[in-house]
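Structure first, then comments.
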Amino acid sequence: MGLRANADAFCAETDYLMDVVDFPFPATPGGPPGIEVTDLSGWARRVRGLGADTGTPVRPGFHLLFALHEGRLPCTVDLTECVIGGGEWLWVRPGQLFRLRGLQDLEPPHVAHRADPEPRGTVILFQPSFLGAATVITAQLDRRAWRLPLAPAPEAEAPVRQTLAMLESQYHRLSDLPLEVHVEVVRHLLSILVLRLSSLPGGHRRRAAGDDTFRRFQLAVEQDFARFHQVADYATALGYSVRTLTRATNTAVGRSAKAFIDDRLVTEAKRLLLHTDLAAHTVGERLGFPSATVFTRFFRTRSGETPAGFRARARVDGEDSGRG
């Protein structure tokens, strides 16, 4: 079973010392199972329903689409800081760490003092199982968007917006059709939307020769990166040679297979160092390193700084960004 970053003993005295809250797909009584279409206020209510503040880092167990119609919202996806502007989209994949800032300003007394237009947008939560297998494969739902946020070009914006408007309208018209027909209508409209979004520049990385091999390797790493750190372990488990995995990974993402494993370890280490108050040696233990010394040496070699140095710098940078 893959590692889950459970933040169960963190200090909440500063903006960055927060719990990382696992966010399972919520129940949607009366609506199609596996999808919810709401607005920013609805998203805020869902987060507060977990016992968290709206600015708390969460790790959704589902796909999350934000379509911002007006205003701007700063956010963090894993270790990437970005701002969603009007007309832009944000696509968060299952397991990514997500933190949305700015919704607190929608509540009194902040709302009267906003310099920017009040953020207004649509939020779509959905499970991959709600879509058909052909859509999941074609839209490459297992791939993460590499451009944050997504900004459709003018010629692509109208079809995307029209599809979103139809999806919103049909989702909320439960009484118009028998439930099974309603579910299929919503499923087809969501399929069109995710296919269009995944086809935007930056929506995902293109498939290439050896991609199926890489996809198997990628899934295995995601599941076992905290247990196995060597390419040979994955090659044995998947029935490939080390050379085959290295070639497929280099073709797919321009990195060696070993670098891909190390990148995943560094990403998870940075998540835990930045968003939790776990001691560095505990982070190393969770990631399968035999000692604090080995973890520190690995982290410094791959990132250019010690775990403690990264934590101190990243938190100061984040506080400065939040004030900006």
Side-chain angles (χ1 to χ4, degrees), residues 23 25-26 34-44 46-47 54-55 57-103 105-106 116-128 130-131 135-136 138-172 186-206:
F23 192 162
F25 190 81
I35 181 174
E36 181 176 37
V37 180
T38 184
D39 56 14
L40 294 174
S41 296
W43 167 257
R46 284 296 190 188
V47 175
T54 54
V58 296
R59 194 189 297 264
F62 47 87
H63 287 265
L64 181 59
L65 286 172
F66 279 84
L68 199 64
H69 309 315
E70 188 178 21
R72 61 194 297 274
L73 283 175
C75 63
T76 304
V77 180
D78 284 335
L79 303 170
T80 301
E81 301 277 347
C82 66
V83 176
I84 318 171
E88 295 181 333
W89 293 72
L90 186 73
W91 191 337
V92 181
R93 262 63 169 184
Q96 289 190 290
L97 193 148
F98 175 62
R99 183 179 178 216
L100 186 63
R101 299 187 297 277
L103 288 186
D105 295 343
L106 299 182
D116 299 317
E118 179 178 320
R120 185 176 57 85
T122 302
V123 185
I124 303 171
L125 299 68
F126 71 93
Q127 295 176 300
F130 182 72
L131 298 172
T135 300
V136 170
T138 305
Q140 300 185 35
L141 292 194
D142 59 317
R143 297 288 188 90
R144 293 177 179 177
W146 59 275
R147 183 172 297 163
L148 301 173
L150 292 170
E155 62 272 16
E157 183 175 10
V160 170
R161 288 290 169 186
Q162 289 165 3
T163 305
L164 175 63
M166 290 184 65
L167 174 60
E168 287 187 272
S169 172
Q170 293 300 315
Y171 178 84
H172 294 291
V186 172
R187 191 193 323 278
H188 280 79
L189 289 170
L190 179 63
S191 298
I192 296 170
L193 182 63
V194 300
L195 286 168
R196 284 198 171 276
L197 288 173
S198 65
S199 298
L200 294 174
H204 59 62
R205 299 186 187 276
R206 301 299 180 186

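For the residue pair A44 and T54, the shortest heavy atom distance occurs at CB-CG2, 3.6 Å. Residues R59 and G95 share a closest heavy-atom pair of NH1-O, 3.1 Å. The nearest pair of heavy atoms linking G55 to R99 is O-NE, 2.8 Å. Nearest heavy-atom pair, P159 versus A156, reported as atom, atom and distance to 0.1 Å: CD-O, 3.3 Å. Between L68 and P119 the shortest heavy-atom distance is CD1-CB, 4.3 Å. In terms of heavy atoms, G34 sits closest to F130 at O-CB, 3.8 Å.
Side-chain contact between W91 and L200 is absent, with no heavy atoms from C-beta onward closer than 4.5 Å. Taking 4.5 Å as the limit, some side-chain heavy atom of V123 sits within range of a side-chain heavy atom of L64. Using a 4.5 Å cut-off on side-chain heavy atoms (C-beta onward), L90 and C82 make contact.
In this view, T163 and I192, L193, R196 satisfy the side-chain contact (heavy atoms from CB on, under 4.5 Å) rule, not counting sequence neighbours. In this structure E168 satisfies the side-chain hydrogen bond (donor to acceptor under 3.5 Å, both in side chains) test together with T122, sequence neighbours excluded. For E88, there are no side-chain hydrogen bond (donor to acceptor under 3.5 Å, both in side chains) partners two or more places apart in sequence or in a different chain. The side-chain hydrogen bond (donor to acceptor under 3.5 Å, both in side chains) test applied to R161 returns H69, not counting sequence neighbours. Annotation: side-chain contact (heavy atoms from CB on, under 4.5 Å) contacts of Q162 (sequence neighbours excluded): A158. Listed by chain and number, the residues in a side-chain hydrogen bond (donor to acceptor under 3.5 Å, both in side chains) with R187 are E184 (sequence neighbours excluded). By the ring pair (Phe, Tyr, Trp, His ring centres under 6.0 Å) test, F66 is found to be paired with W43, F98, residues two or more places apart in sequence or in another chain being considered. Under the rule for a ring pair (Phe, Tyr, Trp, His ring centres under 6.0 Å), Y171 has no partner lying at least two apart in sequence or in another chain. For E157, there are no salt bridge (charged side-chain N to carboxylate O under 4.0 Å, His left out) partners two or more places apart in sequence or in a different chain.
In this structure, L97 CG and T80 OG1 are separated by 11.0 Å, a value rounded to the nearest 0.5 Å. From H63, atom NE2 reaches atom CZ of F25 across 11.5 Å, with rounding to the nearest 0.5 Å. The NE2 atom of H172 lies 8.5 Å from the CG atom of L167; values are rounded to the nearest 0.5 Å. The distance from atom SG of C75 to atom CZ of R101, rounded to the nearest 0.5 Å, is 7.5 Å. L131 contributes atom CG, which lies 4.5 Å from atom CG of L190 (distance to the nearest 0.5 angstrom). Here the straight-line distance linking atom CD1 of I124 with atom CG of D39 works out to 12.0 Å at 0.5 Å rounding.
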Q. Taking it one step at a time, do L195 and T135 satisfy side-chain contact (heavy atoms from CB on, under 4.5 Å)?
A. CA-CA 7 Å; L195 286 168; T135 300; 4.2 Å; yes
